Engineer: 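Here it is, the structure, as structure tokens.
All figures in this text were calculated on a predicted structure; none of them were measured in a lab. Below, read A as the first sequence line, B as the second, and so on, with proteins coming before strands; counting in each chain starts at 1. Values below: every heavy atom of this structure, side chains too, minus hydrogens, waters and symmetry copies.
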Number of protein chains: 2
Amino acid sequence: MNVDGKAYRTIWLREDGRTVEIIDQTRLPHEFVTVVLRTLDDAVHAIRSMQVRGAPLIGVTAAYGVCLALGVDESDESFNAAYDALLASRPTAINLRWALGTMRGALSGAAGDDRVAVAYETAARIADDDVASCKAIGEHGAELFAGLARDKKEQKGAEPLNILTHCNAGWLATVDYGTALAPVYTAFDAGLALHVWVDETRPRNQGASLTAWELGQHGVPHTVIADNAGGHLMQHGRVDVCITGSDRTTSAGDVCNKIGTYLKALAAQDNGVPFYVALPHSTIDWCLSDGIADIPIEEREAREVTHISGLGEDGSVITVQVTPEGSPAANVAFDVTPARLVTGLITERGVADASAEGLVALYPERAE
Amino acid sequence: MNVDGKAYRTIWLREDGRTVEIIDQTRLPHEFVTVVLRTLDDAVHAIRSMQVRGAPLIGVTAAYGVCLALGVDESDESFNAAYDALLASRPTAINLRWALGTMRGALSGAAGDDRVAVAYETAARIADDDVASCKAIGEHGAELFAGLARDKKEQKGAEPLNILTHCNAGWLATVDYGTALAPVYTAFDAGLALHVWVDETRPRNQGASLTAWELGQHGVPHTVIADNAGGHLMQHGRVDVCITGSDRTTSAGDVCNKIGTYLKALAAQDNGVPFYVALPHSTIDWCLSDGIADIPIEEREAREVTHISGLGEDGSVITVQVTPEGSPAANVAFDVTPARLVTGLITERGVADASAEGLVALYPERAE
């Protein structure tokens, strides 16, 4: 997608064919800065510190992290150490495990210098596949939005379709296009009148900072709201559809996504608003069924709750403390939305019911 | 309640018997500053700018605003102008109308210089009545907490009772004691082991700033969480009871409170967690039944969403912008929680079912 009119991906191989460059998302929306990853440690740091975030992008960054490790030492020991370090960098996103497993599979037959070349080829393929998946999600979701807009036009006249999203599942969360925002971009580019309610998404404000920024760069009408506001908007008919991404989806259709997603799904159900989740197949964890019982939920440092960064009056980025001295804080990063609250899962293959049957119907190769 | 060991109310008549002093709540938790209200305009500004907030405290401040106006000009015209200006200062809280109506009733029989004396006596009585109401709410609610703690001890052992609250309905929202927090203080002072999850409460952060501050000053164990986190905590059995205040309660038991309350009530219902609302009778609007359709909801300026104030590293309070330049924001201040999601209403007379029958049983004088 475009930044100031120039096309970018969120991660790319540099001209040296070895080092990798990313957009440092901790600096957005106030500063657009790219960072070069030269070592495995750089990749682990980029994931852990959330310079890159979003399940699909984390997976691709981990794949390139393996490449950087093998570039120094192509042994199995080196691969295993990289695998472990990268897997531990974020505990919830399943793409991380998926991408690392894909790297392991590709490398298992390769030896010597070949291993490094195979690693880079595989990482590039994972990145390109993610772009293709997101593009397909955009097409399936846009079709769905067009149908909702037609229904709304018949019932209420020609207002724009009001879409609510939580966190950032836009192109910044992937390599390009996004998951939840891919249908928004596709529908918008096709001329559908739409408007996006952007949940701020405390504590890290990925909505207020990243989603608002990328929608703004693309010219999509949007309004930032506090995470608390969505229920009221739905009670008053001001939301036509909710769409979010997923960090891990169970085989039964439970969705683990940014903390607070569950609350919006409850409000959507209470008000008859459809609630869709957009995800590439790589976020499906076929080994897990019960999301609430079985998905490990990352707890992050309290400082993300007690402190907020933003643009000061002098134009510099400043961090301020919002809580009183001595008040502790807890910071759970994800929650699980049970499948019963999800209207449908939008994948690169189409829209599935949020159920074991629905997912297996789209992915018959997974039927036991 | 105590601030640094010294007892305070949130509003008090000064020694001159004419001007009024308040705690400037916009400066908390980082600075403890009091402000003198000398004129009607000062009172209107204090309410509008949220130097005072919380339905009960808004009502008392409005009552004193009338006194300040009559001190200059005791005519009916002066009263009516004050009434209108104060009523318009915050559109949602019903206490404002209730307090102003009480002032009008008291003044209707008084003439000349007497009017000013009657006004001050009435305002003082409204303040003292609020303190008595809050104290009684504390006793009724603490009894209820003790019962929940006994049940928990029998079922799970001796863990503390985990209470989740949204926004600030503590002593800072009233004249003293608080509404939702009155049972917390009463139970804590009686030795009950408890812990409070404090919702940050974006966009104005009354939880992170005011509730955390007053609980900390009183020594009550608490943890600040993002508004997004409560659903996850309830899914995992980490919340035993929710309790909030109310800015306006309909005769049918619908509760209008800080934006986001509805989302917590949905999560409580979905997880079998009791959801109580604490309120003095003055927040009951006996003229309204359907809260969602009929309660006017205040929309405040976008800047409260796009900007956040906090303590900078140099110890000064700084405001930073969290959204990208050019992204609009919307700021709805309240939402309505339908009575069907409310386990009970804790008033100064006891605990009522959240229904027309429940409320009339406690307030039989309101039966038609």
Engineer: At a heavy-atom separation under 4.5 Å, does B:H307 approach chain A through its side chain, its backbone, both, or neither?
Structural biologist: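 No part of B:H307 comes within 4.5 Å of chain A.
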
Engineer: Is B:Q235 close to A:P338 at the side-chain level, that is, under 4.5 Å between some pair of heavy atoms?
Structural biologist: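 Side chain of A:P338 against side chain of B:Q235, heavy atoms only: contact under 4.5 Å found.
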
Engineer: So what's closer than 4.5 Å to chain A heavy atoms on B:S309: side chain, backbone, both or neither?
Structural biologist: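 Backbone of B:S309 only, per the 4.5 Å heavy-atom cut-off to chain A.
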
Engineer: Quick check on the interface: out of A:V332, A:V305, A:I297, who has the most heavy-atom pairs with chain B under 4.5 Å?
Structural biologist: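 Between A:V332, A:V305, A:I297, the count favours A:V332.
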
Engineer: Where on B:R238 is there a heavy atom nearer than 4.5 Å to chain A: the side chain, the backbone, both, or neither?
Structural biologist: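 The side chain, not the backbone.
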
Engineer: For A:P324 and B:A208, work out which heavy atoms get closest and say how close.
Structural biologist: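 The answer is CD-O, 2.9 Å.
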
Engineer: Can you confirm whether B:L311 sits close enough to A:V320 that some side-chain heavy atom of one is under 4.5 Å from a side-chain heavy atom of the other?
Structural biologist: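 They are not in side-chain contact.
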
Engineer: Which one, B:A212, B:P328, B:G260, B:G312, leads in non-hydrogen pairs under 4.5 Å with chain A?
Structural biologist: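 Highest number of heavy-atom pairs under 4.5 Å: B:P328.
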
Engineer: Would you give the length of the straight line joining atom CD of A:Q321 to atom NE2 of B:H30, rounded to the nearest 0.5 angstrom?
Structural biologist: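 Taking CD in A:Q321 and NE2 in B:H30, the distance rounds to 6.0 Å.
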
Engineer: Using side-chain heavy atoms (C-beta onward) and a distance below 4.5 Å, is B:D270 in contact with A:Y262?
Structural biologist: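 The answer is yes; the side chains approach within 4.5 Å.
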
Engineer: Heavy-atom pairs under 4.5 Å with chain A: which of B:L233, B:V336, B:N331 has the most?
Structural biologist: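 Sorted descending by pairs with chain A, the first entry is B:V336.
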
Engineer: Quick one: which of A:I259, A:T319, A:T261 has the most heavy-atom pairs under 4.5 Å with chain B, could you say?
Structural biologist: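 Most heavy-atom pairs within the cutoff with chain B belong to A:I259.
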
Engineer: Is there a side-chain contact between B:L263 and A:K264 in this structure, where contact means two heavy atoms from C-beta onward sitting under 4.5 Å apart?
Structural biologist: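 Answer yes - side chains close enough.
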
Engineer: By a 4.5 Å heavy-atom criterion (distance strictly below it), what part of B:T323 contacts chain A: side chain, backbone, both, or neither?
Structural biologist: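 Both the backbone and the side chain of B:T323 come within 4.5 Å of chain A.
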
Engineer: Between chain B and each of A:I292, A:I318, A:D335, count heavy-atom pairs under 4.5 Å; write down the option with the most.
Structural biologist: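 Most heavy-atom pairs within the cutoff with chain B belong to A:I292.
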
Engineer: Does anything in residues 219-232 of chain A reach chain B? List residues with heavy atoms under 4.5 Å apart, or say none.
Structural biologist: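 The stretch touches chain B at A:H222, A:T223, A:V224, A:I225, A:A226, A:D227, A:N228, A:A229, A:G231, A:H232.
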
Engineer: Between A:G216, A:A302, A:A267, A:G207, who has the most heavy-atom pairs with chain B when the cutoff is under 4.5 Å?
Structural biologist: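 Answer, by heavy-atom pair count under 4.5 Å with chain B: A:A267.
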
Engineer: Hey, is CZ on A:R303 packed in by over 12 heavy atoms from elsewhere, all under 6.0 Å?
Structural biologist: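 12 or below, so no.
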
Engineer: Please flag which part of A:L28 lies under 4.5 Å from any non-hydrogen atom of chain B: side chain, backbone, both or neither.
Structural biologist: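 When you check distances to chain B, no heavy atom of A:L28 falls under 4.5 Å.
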
Engineer: Counting only heavy atoms not in A:E325, do more than 12 fall under 6.0 Å of its CD?
Structural biologist: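 No - once you tally the heavy atoms of other residues, nucleotides and ligands closer than 6.0 Å, there are 12 at most.
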
